[in-house]
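Contents: one structure, followed by commentary.
We count ligands from 1, going down the list as the structure has it; atoms in each ligand are counted the same way.
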Amino acid sequence: MPNRRIWSAPDMSTWDYIVVGAGSAGALIASRLSADPSVRVLLLEAGLDYRAADTPKEFKDRTKGLGLALEAPKNHLNPEFYWHNTTATRASGQQAFPYRRGRGLGGSSTINGLYAIRGVADDFRTWERLGAAGWGPDTMLDAYRAIETDLDFGEQPYHGATGPTPVYREPEQGWGGVDKAVHEAALDAGYPWHPDHNAPSSTGISPTAMNIRNGDRVSTNHAYLEPTRGRSNLTILGNTLVDRVLFEGDHAVGVVDATGQEYRARSGGEVFLCGGSTSSPAILMRSGIGPADDLRAAGIPVRRDLPVGRNAQDHAVTFVEVPVMGAAQTSVANRPTYILVRYSSGIGRDNDMMLLATNHNYWFGRPTAGIAVSLEQPYSRGHMVLRSTDPHDEPHFELNFLSDERDVTRMRDGLDRARALIEHDAWQRIITGEPMSPRDDVEMVSTVKDTMHLSGTARMGHEDDPEAVVDSDCCVIGMKDLRVVDASVMPTIPSANTYLSVLALAEAFVDRKLMGAQS
Ligand SMILES: Cc1cc2nc3c(=O)[nH]c(=O)nc-3n(C[C@H](O)[C@H](O)[C@H](O)COP(=O)(O)OP(=O)(O)OC[C@H]3O[C@@H](n4cnc5c(N)ncnc54)[C@H](O)[C@@H]3O)c2cc1C
């Protein structure tokens with residue numbers, strides 16, 4: 001696809017805001033900030049700049065993009081839309097594995113699985129408790145409302161009806177046979193039904209919401225950049241791989257890309273890193289901001305000793321796989337899952353566990369169906385390894401899944417719950433063979449997978465907190481005019497797939513910044 005730039009020879013001298021990364025958070029922020037015609041915004045993106053209507057067909061589809069990303073080898077993936085060399089070792093004893101991120105306008109929102117699930121109030125009470133002042137449940141609820149048009153429950157006071165991102169749930173007629181079996185079995189097991197998992201305090205069985213309209217993906221390129229990219233004060237530059245931040249003293253004054261090209265902010269302007277939880281910490285480290293020992297080992301002069309790349313969290317997932325009749329595997333658009341079950345284990349906060357109906361495992365190249373067990377509030381923590389100072393060298397992550405005994409206990413219990421559901425008559429009507437699942441904890445650890453929801457690698461917190469990288473205004477601690485605003489700054493991963501929470505975080509950040517500018 002050609003790299004289309006609709007601007008002509010912008011004045012590159014100075015900018016009020018330089019936003020690095022046109023993904024989920026970056027697209028929203030650039031779009032909202034450029035609503036003020038008096039400021040000049042530069043949005044730099046490593047991947048393609050393209051019009052939303054040119055999104056490849058496989059990513060518009062509500063099923064295929066997800067399947068392709070999960071386990072497919074590199075040559076099955078549309079090369080322009082992924083970062084290919086980021087890797088992660090999920091758990092002790094496992095091999096390093098490609099860890100997928102989206103590249104190009106929309107970032108991961110162009111390739112993700114479209115689950116549109118909010119975190120729970122308890123998540124944001126925890127953020128505040130960990131020092132993220134002002135990031136509590138009320139702030140996040142306002143932001144969730146602002147970003148969405150809920151197509152099913154938009155009239156409810158806790159939903160939005162005019163935001164850029166549509167949220168849709170497939171009615172029961174469209175579910176697969178496995179979705180229906182999970183629904184029936186879970187009801188009989190005593191899990192409550194709630195038609196809207198995004199309603200405050202909801203728990204139990206719900207249809208999974210998706211950010212689609214008329215069956216098609218709505219990425220941040222569609223929702224935020226397409227309507228605003230014609231603004232004369234917003235310049236989007238694709239194919240621009242940012243290497244590091246430029247400083248004068250403690251002030252960030254711009255960035256430099258991998259070719260050596262510099263982009264400068266005007267005096268008092270700012271740099272926002274929105275490269276996502278794999279890239280923003282790497283840019284910080286290449287800029288001399290990170291754990292001092294790691295920086296010295298990489299030969300990078302230390303500008304500021306901060307725990308960048310630590311605190312890495314993702315939702316770990318294991319499976320009970322079951323051979324089922326072909327007819328039970330089909331659903332509208334052949335999507336693998338329309339039903340989930342959330343519950344509280346008693347070990348974590350509210351809704352710390354999730355079971356996902358899986359109509360088919362074509363993703364993994366196997367003919368089975370089953371139930372995925374997802375640990376929504378891990379206690380285990382991982383970290384980033386910067387491979388080199390070359391910006392083309394993507395980082396590696398040691399995720400350390402199930403390294404905390406509380407995670408092992410909950411995952412073991414989750415597998416038991418999934419196996420119990422499969423004993424139900426509803427399953428016995430569709431099952432054609434023996435269920436398969438990890439036989440013991442060792443097998444569980446050796447087969448656990450990630451969900452590509454990496455968060456927390458530049459954690460928000462109080463500026464005196466030795467574990468914090470940014471303060472509650474997302475400013476890098478000890479530096480000036482430099483902020484990180486993306487999944488990296490989440491103090492703990494929310495108890496849900498991360499996309500809506502990243503958008504809400506970016507939305508709340510812009511509100512906070514604009515309020516600050518007025519006061
Ligand atoms: C395959 C996959 C499936 C997922 N499924 C779901 C799901 O179903 N539901 C859900 O809620 N969440 C899902 N997620 C997670 C969710 O999409 C992410 O948490 C969220 O989109 C992250 O937003 P972000 O802004 O932090 O980063 P991103 O959206 O990844 O944006 C980062 C942007 O920065 C750019 N960038 C990075 N480095 C540089 C650099 N050096 N210079 C210039 N640009 C740079 C990138 O190319 C990208 O465009 C999935 C993620 C993946 C990868």
Side-chain angles (χ1 to χ4, degrees), residues 18-29 43-49 59 62-63 65-72 77 80-83 86 98-119 165 167 208-212 217 219-221 225 237-245 255-258 263 272-284 286-287 313-315 335-337 356 363 391-392 394-395 450-458 484-490 493-494 496-506:
I18 298 177
V19 181
V20 176
S24 309
L28 184 156
I29 289 168
L43 179 58
L44 299 175
E45 167 56 45
L48 288 179
D49 170 15
F59 301 123
R62 71 171 88 169
T63 295
L66 171 64
L68 286 171
L70 278 171
E71 300 259 308
L77 298 173
E80 305 280 18
F81 291 86
Y82 296 92
W83 292 78
T86 305
Y99 193 84
R100 301 290 179 213
R101 309 312 290 167
R103 190 176 170 117
L105 298 201
S108 297
S109 79
T110 298
I111 60 146
N112 75 11
L114 296 163
Y115 294 87
I117 311 180
R118 294 178 177 181
T165 299
V167 174
T208 46
M210 297 162 279
N211 48 295
I212 59 176
R217 174 184 302 273
S219 70
T220 55
N221 193 20
L225 294 180
L237 283 187
N239 289 337
T240 306
L241 175 67
V242 169
D243 176 5
R244 62 198 149 77
V245 180
V255 296
V256 58
D257 74 17
Y263 306 85
F272 297 153
L273 300 184
C274 303
S277 47
T278 56
S279 287
S280 288
I283 297 171
L284 284 174
R286 290 196 297 266
S287 310
Q313 298 160 61
D314 192 357
H315 298 129
R335 189 165 161 90
T337 176
L356 294 120
W363 300 343
H392 297 94
E394 299 166 35
D450 63 80
T451 48
M452 295 160 287
H453 299 161
L454 192 75
S455 308
T457 47
V484 183
V485 195
D486 56 26
S488 324
V489 302
M490 295 177 168
I493 191 169
N497 309 44
T498 38
Y499 179 55
L500 281 192
S501 300
V502 170
L503 293 188
L505 182 139

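- Those atoms of ligand 1 with a heavy atom of G23 less than 4.0 angstrom away are 29 (O), 31 (O), 33 (C), 49 (O).
- Residue H453 has at least one heavy-atom neighbour below 4.0 Å for each of these atoms of ligand 1: 6 (C), 12 (N), 13 (C), 14 (N), 15 (C).
- Residues N239 and L48 are in side-chain contact: their nearest non-hydrogen atoms beyond the backbone lie under 4.5 Å apart.
- Taking a 4.0 Å cut-off on heavy atoms, G104 registers as neighbouring ligand 1.
- By the criterion of a heavy-atom distance under 4.0 Å, the backbone of L114, and not its side chain, is placed next to ligand 1.
- Interface atoms of ligand 1 facing A25, defined by a heavy-atom separation under 4.0 Å, are 25 (O).
- Around atom 6 (C) of ligand 1, the closest heavy atom drawn from G113, G106, S455 belongs to G113.
- S108 places no side-chain N or O within donor-acceptor distance of the main-chain N or O of R101, the cut-off being under 3.5 Å.
- Between F81 and F59, the angle of the ring planes lies from 30° to 60°, which puts this pair in the tilted group.
- Residue C274 has at least one heavy-atom neighbour below 4.0 Å for each of these atoms of ligand 1: 32 (C), 33 (C), 34 (O).
- The part of V502 lying near ligand 1 is the side chain, judged by heavy-atom distances below 4.0 Å.
- Taking each heavy atom of M490 and L505 in turn, the nearest pair found is CG-CD1, 4.0 Å.
- Side chains of V242 and P391 form no contact here, defined as non-hydrogen atoms less than 4.5 Å apart.
- Here the shortest heavy-atom pairing between D486 and G275 reads OD2-N, 3.2 Å.
- For the ligand labelled ligand 1, residue G26 lies outside the 4.0 Å heavy-atom shell.
- Atoms of ligand 1 lying under 4.0 Å from any heavy atom of R100, numbered from 1 in the order shown and given with element: 53 (C).
- Side-chain polar atoms of S109 and T220 form a donor-acceptor pair below 3.5 angstrom.
- Proximity to I283 (heavy-atom distance under 4.0 Å) selects the following atoms of ligand 1: 41 (N).
- The side-chain contact (heavy atoms from CB on, under 4.5 Å) search around A504 returns M140, A143, Y144, I147, not counting sequence neighbours.
- Taking every non-hydrogen atom of G276 and a distance limit under 4.0 Å, the qualifying atoms of ligand 1 come out as 26 (O), 27 (O), 32 (C).
- Residue contacts with ligand 1 include G102, since one or more of its heavy atoms lies under 4.0 Å from the ligand.
- Between L241 and H392 there is a side-chain heavy-atom pair separated by less than 4.5 Å.
- Within ligand 1, the atoms closer than 4.0 Å to a non-hydrogen atom of S279 are 37 (C), 38 (N), numbered from 1 in the order shown.
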